[in-house]
2 protein chains.
Amino acid sequence: MSQKKITVALDGTGGDRSGDINRSVVNAVRFALTLYPSLYLIVFGPSELETELKKATIDQHRVDFRLAPQGIPQDETPRAVLQGYRRAAMRLAVQTVVDKEADAVVSGGGTGPLVALSRHLLGTLARLRPALCAKIPGGPGRFSMMLDLGANATSTAGDLYDFARLGTAASRLLLGVSDPRVSVLNVGSEQGKGSALIRHARDLIKADRSLDGEGFVEANRLFCGDTDVIVTDGFTGNVALKAAEGVAHIFAHGPGLKRFFAKMACPDWLQPWQYNGSLLLGVNGVVVKSHASAGEEALAVAMVEAANAASCDLLEGMKETLLK
Amino acid sequence: MSQKKITVALDGTGGDRSGDINRSVVNAVRFALTLYPSLYLIVFGPSELETELKKATIDQHRVDFRLAPQGIPQDETPRAVLQGYRRAAMRLAVQTVVDKEADAVVSGGGTGPLVALSRHLLGTLARLRPALCAKIPGGPGRFSMMLDLGANATSTAGDLYDFARLGTAASRLLLGVSDPRVSVLNVGSEQGKGSALIRHARDLIKADRSLDGEGFVEANRLFCGDTDVIVTDGFTGNVALKAAEGVAHIFAHGPGLKRFFAKMACPDWLQPWQYNGSLLLGVNGVVVKSHASAGEEALAVAMVEAANAASCDLLEGMKETLLK
């Protein structure tokens with residue numbers, strides 16, 4: 001299968017700082033180049049990363065290294081991120097998308113800094129509130145889109161409605177669902193459950209004829225494929241997925257034989273969900289946040305997801321749907 | 001071991017309505033009486049439940065049945081619950097605690113109605129905001145207290161501080177932890193993470209010298225025993241535990257052999273957590289909400305938990321700690 005050439009910019013400073021981060025980035029680069037034969041990378045990072053890249057058995061013509069040793073602390077304030085850090089790897093990587101040098105950008109750095117830089121440098125789409133969106137498994141061969149996963153610390157009902165529009169467009173474009181069902185995450189599926197904000201969001205979504213609002217979904221049904229788009233505020237979404245991840249981790253990291261049984265027990269379709277990167281929807285560019293603590297495979301998968309999103313013209317499709 | 005006689009009032013109308021609810025309640029009654037030899041029950045419900053109870057092989061002297069066929073719909077508004085439903089099983093069951101006929105009450109009915117009736121009939125403790133609190137596993141032989149799990153649809157920073165005080169008292173009295181560490185559930189453990197409300201709650205807890213405020217805990221660490229009391233708003237707490245439950249359920253209900261492997265893989269200490277009832281802390285009586293969808297074992301465990309809480313004088317201990 002011939003694929004069109006896709007260039008992804010990689011922030012090589014982000015991610016989990018335990019262990020040898022440069023070695024891990026290089027492994028991720030190698031995996032990604034193997035998984036996606038028409039992928040080209042622009043990698044930003046420290047000189048040690050350049051040295052490791054040069055030593056690795058990868059096609060050097062497909063990697064353009066640029067020196068940018070400055071990282072941004074995870075919990076730096078948006079103001080500080082925008083005013084300082086002019087030469088930070090994350091900023092320069094996002095800038096390549098603005099400049100159309102790269103088709104997408106991937107970072108495993110802090111969510112706050114990545115959202116601030118992306119909004120500031122790329123701008124937003126149709127004045128919608130941007131949100132982090134992940135593809136979560138919903139049974140064999142099925143996926144749902146879930147957003148927001150932490151781009152925003154708090155959300156209004158109007159923000160949740162924006163997320164419904166963004167998620168619906170992404171479900172169509174990335175998963176090929178023709179008429180995506182949208183549900184709001186709540187503590188019960190009955191009409192009167194939850195806060196006034198949640199019920200208002202449900203009403204806004206139901207009132208929009210271009211959306212297929214289905215009401216509420218409970219967190220124990222997240223991985224059941226009951227709905228195509230799961231809408232929630234960034235705080236709740238982040239907590240829900242991390243709680244699920246915590247239980248999966250306990251199963252997968254038991255002592256001795258238990259770990260073997262867990263491997264046998266885990267349904268194939270559930271396996272890779274922690275590895276999927278999250279797309280920052282609602283900004284004027286393809287931005288993928290990789291799940292730092294999930295390791296080098298996660299960073300590689302995030303690069304492939306970014307390339308896929310770019311190659312199916314996600315951004316143009318979003319614009320067409322949302323600006324009309 | 002001789003235990004003192006404990007009387008628990010049971011709302012026999014609540015719970016999951018799929019299947020034969022009366023049969024299920026009778027099985028739960030039988031389990032609970034076997035598990036807790038000095039337990040006596042006052043059971044409220046429809047005449048069909050009385051018939052089933054009479055047929056069952058249980059010690060009829062330990063069960064006092066009272067006819068109360070009226071149930072309360074899960075999502076009935078607090079106002080309607082308090083104004084109507086004067087003869088509802090749930091209301092009459094709570095009333096026996098007010099009248100000191102029973103030491104505790106258990107219901108698998110709607111959270112909203114149970115909280116409304118308990119607050120109204122029993123009153124609150126020290127003007128604290130009541131919250132649903134569950135004992136969740138945190139490794140072999142370890143438990144943490146987590147609250148709120150859905151008694152409140154929204155919470156202020158002051159409410160979260162109340163939950164910290166309630167959870168600390170319960171951790172001391174029920175788990176024997178001398179100096180319980182308290183953490184607020186957040187999307188990251190760094191200082192600046194989360195909303196202003198979350199950070200304010202953390203500061204209120206840290207400022208109280210009678211509490212051991214530890215800062216934040218992330219949802220993927222919920223079951224790791226990092227902290228003794230996990231404080232969160234009722235919406236997030238409910239979603240987090242349900243998301244965790246959803247994943248555990250997927251493991252436990254795979255097809256054929258996978259299900260067998262899941263049983264072998266699940267750590268012993270993780271097994272029963274979905275079955276624990278939730279204590280409604282902050283009201284002037286021992287009230288336990290059983291997890292309706294977890295079945296008859298869950299209802300039986302909830303009765304035993306209620307009896308344990310009553311037998312260790314939870315309420316007197318809470319009053320001593322919180323009113324001093």
Side-chain angles (χ1 to χ4, degrees), chain A residues 73-77 110-112 137 139 149-150 153-154 185-188 190-198 218-224 232 234-252 254-255 257-267 269-270 293, chain B residues 73-77 110-112 137 139 149-150 153-154 185-188 190-198 218-224 232 234-252 254-255 257-267 269-270 293:
Chain A
Q74 283 249 2
D75 58 346
E76 190 61 278
T77 64
T111 302
L149 300 177
T154 55
L185 185 60
N186 198 355
V187 295
E190 299 88 356
Q191 285 254 356
K193 285 273 183 179
S195 64
L197 186 151
I198 295 284
E218 281 190 84
N220 53 340
R221 305 288 302 167
L222 279 182
F223 300 98
C224 297
T232 183
F235 188 87
T236 308
N238 190 291
V239 164
L241 282 199
K242 279 189 184 149
E245 186 192 318
V247 170
H249 186 89
I250 288 166
F251 269 87
L257 256 184
K258 287 218 179 277
R259 188 186 305 213
F260 165 75
F261 287 127
K263 212 164 185 160
M264 303 299 287
C266 185
W269 57 267
L270 189 67
S293 60
Chain B
Q74 282 249 2
D75 57 345
E76 190 61 278
T77 64
T111 302
L149 300 176
T154 54
L185 185 61
N186 198 356
V187 294
E190 299 88 356
Q191 285 254 357
K193 285 273 183 178
S195 65
L197 187 151
I198 296 283
E218 281 190 86
N220 54 340
R221 305 288 304 168
L222 280 181
F223 300 100
C224 298
T232 184
F235 187 86
T236 309
N238 190 291
V239 164
L241 282 199
K242 279 187 185 153
E245 186 191 317
V247 170
H249 186 90
I250 287 167
F251 269 88
L257 256 186
K258 284 212 181 282
R259 188 185 306 212
F260 165 75
F261 286 126
K263 211 163 186 160
M264 302 298 288
C266 186
W269 58 266
L270 189 67
S293 60

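In what follows, every chain begins at residue 1, and chains take the letters A, B, ... in the order their sequences are listed. Below, all heavy atoms of this structure are taken into account, side chains as well, without hydrogens, waters or symmetry copies.
- Of the listed residues (A:Thr154, A:Thr77, A:Asn186), the greatest number of heavy-atom pairs within a distance under 4.5 Å of chain B belongs to A:Asn186.
- Neither the backbone nor the side chain of B:Leu197 comes within contact range of chain A, judged by heavy atoms closer than 4.5 Å.
- Between chain B and the options A:Leu185, A:Asp75, A:Val187, heavy-atom pairs under 4.5 Å are most frequent for A:Val187.
- Not counting sequence neighbours, B:Glu76 has no partner by the salt bridge (Lys or Arg N to Asp or Glu O under 4.0 Å) test.
- Rounded to the nearest 0.5 angstrom, A:Leu222 CG and B:Lys242 NZ are separated by 11.0 Å.
- With sequence neighbours excluded, no residue satisfies side chain to side chain donor-acceptor pair (under 3.5 Å) with B:Thr111.
- The contact between A:Ser195 and chain B is made by backbone and side chain atoms together, counting heavy-atom distances below 4.5 Å.
- A distance of 7.0 Å separates CD of B:Glu190 from CD of B:Glu218, quoted to the nearest 0.5 Å.
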